[in-house]
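Sequence lines set the chain letters: A, B, ... in the order given, protein chains first and strands last, and positions in each chain run from 1. Please read all numbers here as calculations on a predicted model, not as lab measurements.
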Amino acid sequence: MNYRNFDRILLHWNQTQNNRQMPWKGEKNPYKIWLSEVILQQTRVEQGLRYYHNFIENYPTVTDLANAEEKKVFKLWEGLGYYSRCKNLIQTAKTVSTEFNGKFPDTYEVILKLKGIGPYTAAAIASFAFDLPHAVIDGNVFRVLSRIFGIREPIDTTAGKKLFTALAEKLLDKEQPGLYNQAIMDFGATVCKPSNPLCNKCPFRNKCVAFQKGLIETLPVKSKKIAVRTRYFYYFLPAYRNQLPVRERLGRDIWQHLYEFPIIETDAETDTGKIIKKAVQNGWMDKAATPCISPVFSQKLSHQLIKAVFISYKTKTRDTAFKNYQWVTPAVLQTLPFPKTITQYLNRFLASRE
DNA sequence: AACCCGGGGGA
DNA sequence: TCCCCAGGGTT
């Protein structure tokens, strides 16, 4: 289609058909905009909503967040995934609080330098908070533009991103960039949806290349397929006077800064008898112990499939083999951030065995 | 450029 | 099951 009319059609749809409501819509406070945008990275609005409210309630200003205890912030983030976002959130809060005296930077280039803020989030903050002419390019925008303009270039290559970025910047209404950016994302989320888009309600229907050529289901194009690795986690829960050993996950792996129990990991499914034998060798278990073995908890991550088994038992001593762990009561356990798999196990089994 | 990083919901 | 979601960082 002719790109000259694009923003007029979009904004007319926005004014007459769009009734999507969200708490940060029309927000001008850059702290709140930044927070909502980081929470929503690769995350559905419905999923992120209660996290947004919790954060605003606990940390009304960027300085409150900067001064918060890191563990408490992670606890608030627990369950949302992509935990490096949380780490970067804290770092950027401190940067804004100290280096910028608590005032959010107001140019695209400076905003982009902050940790955890990439091209999308920088454009969102710049346009929503400061009315600067930068086009957002997220999953919605890739989909809308690839379909309406019939672009078969893959969206996950450097060349593709460059192409879509150039087009998006050209289409942007520079007079009202915030309104336009909000409108194109709402349009992608409610009309030009990934599956079963509402083409019969679409104002671009007569001009949409994908609609006319029957490419709605094939656009946008992605080139890469991701490989998924399977890992087997065997967790050990030795109860000593109602206490369990835990430690923070550090190092370059999934679930950084979340907590876990003593673990034996394998690449292949292993007989629990063998695993327990190994735990005995480690000094984690007495041969005479009578372990309770949980069913397999399966969790799919973007690049990994985790199969976890929990082995609980009682001990009479706090074995020195657990010297790198801290022993905590169930009450303290509640305050620590855990990955979803462990939370599920704790909720389903530990509580019921009291 | 390729790869890594969660968890939930829809089809 | 597979795909997608208001992406970004590291190697």
J.: Convert the base pairs of DNA chain B into dot-bracket notation, remembering that pairs crossing earlier ones are written with [ ] and that bases paired across to another strand are shown as |; include only Watson-Crick or G-U pairs under 3.5 Å.
T.: |||||.|||||
J.: Which comes earlier along DNA chain C counting from the 5' end, the contact point of A:Gly116 or that of A:Ala124, where each point is its nearest nucleotide?
T.: A:Ala124
J.: Check every nucleotide of DNA chain C for an atom under 4.0 Å from a heavy-atom of chain A, then give the first and the last such nucleotide from 5' to 3'.
T.: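 Listing 5' to 3', DNA chain C meets chain A from C:dC4 to C:dT11.
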J.: Who are the side-chain hydrogen bond (donor to acceptor under 3.5 Å, both in side chains) partners of A:Arg205, not counting sequence neighbours?
T.: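 In terms of side-chain hydrogen bond (donor to acceptor under 3.5 Å, both in side chains), with neighbours along the sequence ignored, A:Arg205 is linked to no residue.
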J.: Can you list every salt bridge (Lys or Arg N to Asp or Glu O under 4.0 Å) pair that touches residues 67-76 of chain A, not counting sequence neighbours?
T.: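 Sorted result for residues 67-76 of chain A: A:Glu70-A:Lys87, A:Lys75-A:Glu78.
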J.: Return each pair, listed once, that meets ring pair (Phe, Tyr, Trp, His ring centres under 6.0 Å) where at least one residue sits in residues 118-138 of chain A; pairs must be two or more places apart or across chains.
T.: A:Tyr108-A:His134
J.: Pick the closest DNA chain C nucleotide for A:Leu114 and for A:Met22 by heavy atoms, then say which residue is nearer the 5' end.
T.: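 On the 5' side of the pair lies A:Met22.
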J.: Using a 4.0 Å heavy-atom cut-off, does A:Asn88 contact any base of the nucleic acid, only the sugar-phosphate backbone, or nothing at all?
T.: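 Sugar-phosphate contact only - A:Asn88 comes under 4.0 Å of backbone atoms but never of a base.
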J.: Heavy atoms under 4.0 Å, any strand shown: does A:Trp24 hit a base, just sugar-phosphate, or nothing?
T.: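 The residue A:Trp24 makes base contact.
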J.: When the C1' atoms of B:dG6 and C:dC3 are compared, how many Å lie between them, rounded to an integer?
T.: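 One C1' to the other, the span is 15 Å.
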J.: Please list, one pair per line, the donor and acceptor atoms closer than 3.5 Å that link side chains of residues 136-151 of chain A to other protein atoms, with sequence neighbours excluded.
T.:
residue	atom	partner	partner atom	Å
A:Asp138	OD1	A:Asn140	N	3.2
A:Asp138	OD1	A:Val141	N	3.0
A:Asp138	OD2	A:Asn140	ND2	2.9
A:Asn140	OD1	A:Arg143	NH2	2.8
A:Asn140	OD1	A:Ala189	N	3.4
A:Arg143	NE	A:Cys192	O	2.7
A:Arg143	NH2	A:Gly188	O	2.8
A:Arg143	NH2	A:Cys192	O	3.4
A:Ser146	OG	A:Phe142	O	3.0
A:Ser146	OG	A:Arg143	O	3.1
A:Arg147	NE	A:Ile216	O	3.4
A:Arg147	NE	A:Leu219	O	3.2
A:Arg147	NH1	A:Lys193	O	2.8
A:Arg147	NH2	A:Lys193	O	3.3
A:Arg147	NH2	A:Pro194	O	2.9
A:Arg147	NH2	A:Ile216	O	3.4

J.: Would you list the atom pairs, donor with acceptor, under 3.5 Å between side chains in residues 272-298 of chain A and any protein atom, with sequence neighbours excluded?
T.:
residue	atom	partner	partner atom	Å
A:Asp286	OD1	A:Ala288	N	2.8
A:Ser294	OG	A:Phe310	N	2.9

J.: Are the side chain of A:Glu27 and the backbone of A:Asn29 linked by a donor-acceptor contact shorter than 3.5 Å?
T.: yes
J.: Is the CD atom of A:Glu109 crowded by more than 12 outside heavy atoms at less than 6.0 Å?
T.: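 Yes, the 6.0 Å shell around CD holds more than 12 heavy atoms from other groups.
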J.: If I pick the C1' atom on C:dC5 and the same atom on B:dC5, what distance separates them, to the nearest angstrom?
T.: 15 Å
J.: When you compare B:dG8 with C:dG8, how far apart are their P atoms, in angstrom units rounded to a whole number?
T.: 22 Å
J.: Which ones in residues 133-141 of chain A lie close to DNA chain C, meaning a heavy atom under 4.0 Å from one of its atoms?
T.: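 The stretch gives A:Asp138, A:Gly139, A:Asn140 as the residues lying under 4.0 Å from the strand, ordered by number.
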J.: Could you write nucleotides 4-11 of chain B as a row of B, S and -, 5' to 3', where a protein heavy atom under 4.0 Å of any base atom gives B, of only sugar-phosphate atoms gives S, and otherwise -?
T.: BBBBBB-S
J.: Donor-acceptor pairs are to be reported for all side-chain atoms of residues 332-344 of chain A against protein atoms at under 3.5 Å, with residues two or more places apart or in another chain.
T.:
residue	atom	partner	partner atom	Å
A:Thr335	OG1	A:Val332	O	2.7
A:Thr341	OG1	A:Gln299	OE1	2.3
A:Thr343	OG1	A:Pro339	O	3.1

J.: Side chains of residues 233-241 of chain A: which donor-acceptor pairs under 3.5 Å do they make with residues two or more places apart or in other chains?
T.:
residue	atom	partner	partner atom	Å
A:Tyr234	OH	A:Thr270	N	3.0
A:Tyr234	OH	A:Thr270	O	3.1

J.: Using side chain to side chain contact (heavy atoms under 4.5 Å, CB included) as the criterion, list what pairs up with A:Asp173, not counting sequence neighbours.
T.: A:Asp7, A:Leu11, A:Glu175, A:Gln176, A:Tyr180
J.: Can you confirm whether or not the ring centre of A:Phe204 sits under 6.0 Å from the ring centre of A:Phe6?
T.: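 For A:Phe204 and A:Phe6, the ring centres are under 6.0 Å apart.
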J.: Determine the contact category for A:Thr157: base if any of its heavy atoms lies under 4.0 Å from a base atom, sugar-phosphate if only primed atoms, P, OP1 or OP2 are that close, otherwise nothing.
T.: nothing
J.: When you look at CG of A:Asp267, are more than 12 heavy atoms from neighbouring residues, nucleotides or ligands closer to it than 6.0 Å?
T.: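 No, CG of A:Asp267 has 12 or fewer neighbouring heavy atoms, counting only those of other groups under 6.0 Å.
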J.: Please determine whether the number of non-hydrogen atoms from other residues, nucleotides or ligands lying under 6.0 Å from atom CD of A:Glu269 exceeds 12.
T.: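 Not more than 12 within 6.0 Å, no.
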